[in-house]
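Below you'll find the structure, written out as structure tokens, and then a few comments.
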Amino acid sequence: MSSAVAALPAPPLVALPRSFYERPTVEVARDLLGKLLVRTGPLERVARIVEVEAYLGVKDQASHARRGPTPRAAIMFGPPGHLYVYLIYGMHHCMNVVTERDGVAGAVLLRAAEPLDLAEPGRRSSVPVPRLERPLSGPGKLCAGLGITRADNGLDLTAGHLVIAVDPRPARAVGPLRVKRSARIGVDYAGAWAGRLLRFYLAGNPYLSGKPRD
DNA sequence: CCGCCGATCTTT
DNA sequence: AAGATCGGCGGG
């Protein structure tokens with residue numbers, strides 16, 4: 001009998017399947033909280049998503065999809081599980097996850113994440129641990145911290161060097177996920193849609209980008 | 001083609 | 001409170 005389980009391997013970080021993204025955008029947004037952004041390859045980084053915003057289809061007056069499938073926004077109308085990256089104010093990048101079935105517009109803006117690290121000697125199968133690094137708080141800083149640019153636009157998040165995975169750590173080690181919602185940030189031009197509660201965040205998390213924080 | 005303006009961030 | 005900085009989009 002081999003009852004020695006001292007070196008029990010941690011579960012691998014498996015990319016979420018396309019079916020995760022092929023759902024109503026608000027559901028995907030909520031479910032992305034607490035998930036891990038995993039970048040493999042030369043630049044290896046792991047970050048825990050703590051703040052997101054849902055951007056709906058052509059009716060959402062804050063969404064880039066509001067004017068239909070223009071050259072920039074076309075990707076929001078495409079198949080789910082792909083990355084949508086755009087440049088804002090001529091200097092910052094914002095990264096989104098495309099949602100809804102092919103032909104229906106939808107995306108979730110990733111606004112803030114908690115920097116983590118992979119414990120040795122793991123790599124892809126080891127447990128994430130806190131990382132001492134400048135916060136990834138704010139969509140522009142999140143992209144800068146992960147090295148995401150427009151070159152990554154269209155990336156397939158289900159099979160590549162950038163994926164989103166379930167946090168493998170035991171729930172008791174991470175703590176409960178207290179999800180709250182608020183109006184989205186920086187969309188005051190969107191009329192009635194500016195007030196919709198489409199920002200989701202983990203209450204009290206120290207890495208949130210804006211108010212309210214709890 | 002021209003002009004406006006933004007799903008931001010940093011500095012004043 | 002304002003500036004940096006540029007590409008997407010709409011109007012002419």
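Below, read A as the first sequence line, B as the second, and so on, with proteins coming before strands; counting in each chain starts at 1. From a predicted model like this one, the values you see are computed outputs, not experimental measurements.
Bracketed by its first and final contacts, the part of DNA chain B lying under 4.0 Å from non-hydrogen atoms of chain A reaches from B/dG6 to B/dT10 in 5' to 3' order. A nucleotide of DNA chain C counts as in contact with chain A when one of its atoms lies under 4.0 Å from a heavy atom; the first and last such, 5' to 3', are C/dA4 to C/dG10.
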Fill in the dot-bracket string of DNA chain C, one character per base: . for unpaired, | for a pair to another strand, ( ) or [ ] for pairs within the strand, taking Watson-Crick or G-U pairs under 3.5 Å. ||||.||||||.
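In this structure a side-chain-to-backbone donor-acceptor pair under 3.5 Å is present from A/Gln61 to A/Lys59. At distances below 3.5 Å, not a single donor-acceptor pair connects side-chain atoms of A/Ser137 with backbone N or O atoms of A/Ala112.
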side-chain contact (heavy atoms from CB on, under 4.5 Å) evaluation trace for A/Val58 with A/Arg66: CA-CA 4 Å; A/Val58 293; A/Arg66 69 187 180 277; 5.9 Å; no
Please test A/Asn96 against A/His64 for side-chain contact (heavy atoms from CB on, under 4.5 Å), starting from the C-alpha separation and ending with a verdict. CA-CA 11 Å; A/Asn96 300 251; A/His64 290 169; over 6 Å; no
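The side-chain hydrogen bond (donor to acceptor under 3.5 Å, both in side chains) check on A/Asp214 picks up nothing, with sequence neighbours excluded.
Nucleic acid contact class of A/Arg184 (heavy atoms, under 4.0 Å, all strands): none. The residue A/Met95 sits apart from the nucleic acid: no heavy atom pair falls under 4.0 Å. Contacts of A/Arg150 with the nucleic acid, taken as non-hydrogen atoms under 4.0 Å apart, involve only primed sugar atoms and P, OP1 or OP2.
Within 6.0 Å of the CZ atom in A/Arg131, the count of heavy atoms belonging to other residues, nucleotides or ligands exceeds 12. Within 6.0 Å of atom CZ in A/Arg30, 12 or fewer heavy atoms from other residues, nucleotides or ligands are found, so the atom counts as exposed in its surroundings.
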Without placing hydrogens or testing angles, list every side-chain donor-acceptor pair under 3.5 Å for residues 182-190 of chain A, not counting sequence neighbours.
{"unit_1": "A/Ser182", "atom_1": "OG", "unit_2": "A/Arg199", "atom_2": "NH1", "d": "3.0"}
{"unit_1": "A/Arg184", "atom_1": "NH1", "unit_2": "A/Ala54", "atom_2": "O", "d": "3.0"}
{"unit_1": "A/Arg184", "atom_1": "NH1", "unit_2": "A/Asp60", "atom_2": "OD2", "d": "2.8"}
{"unit_1": "A/Arg184", "atom_1": "NH2", "unit_2": "A/Asp60", "atom_2": "OD1", "d": "3.1"}
{"unit_1": "A/Arg184", "atom_1": "NH2", "unit_2": "A/Trp193", "atom_2": "O", "d": "3.1"}
{"unit_1": "A/Tyr189", "atom_1": "OH", "unit_2": "A/Ala62", "atom_2": "O", "d": "3.3"}

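Residue pairs meeting the salt bridge (Lys or Arg N to Asp or Glu O under 4.0 Å) criterion with at least one member in residues 79-103 of chain A: none, sequence neighbours excluded.
Mapping A/Arg72 and A/Met91 onto DNA chain C via the closest heavy atom, the residue that lands nearer the 5' end is A/Met91.
The side chain to side chain contact (heavy atoms under 4.5 Å, CB included) with A/Val52 is formed by just one residue from the set A/Leu109, A/Leu33, A/Asp31; it is A/Leu33.
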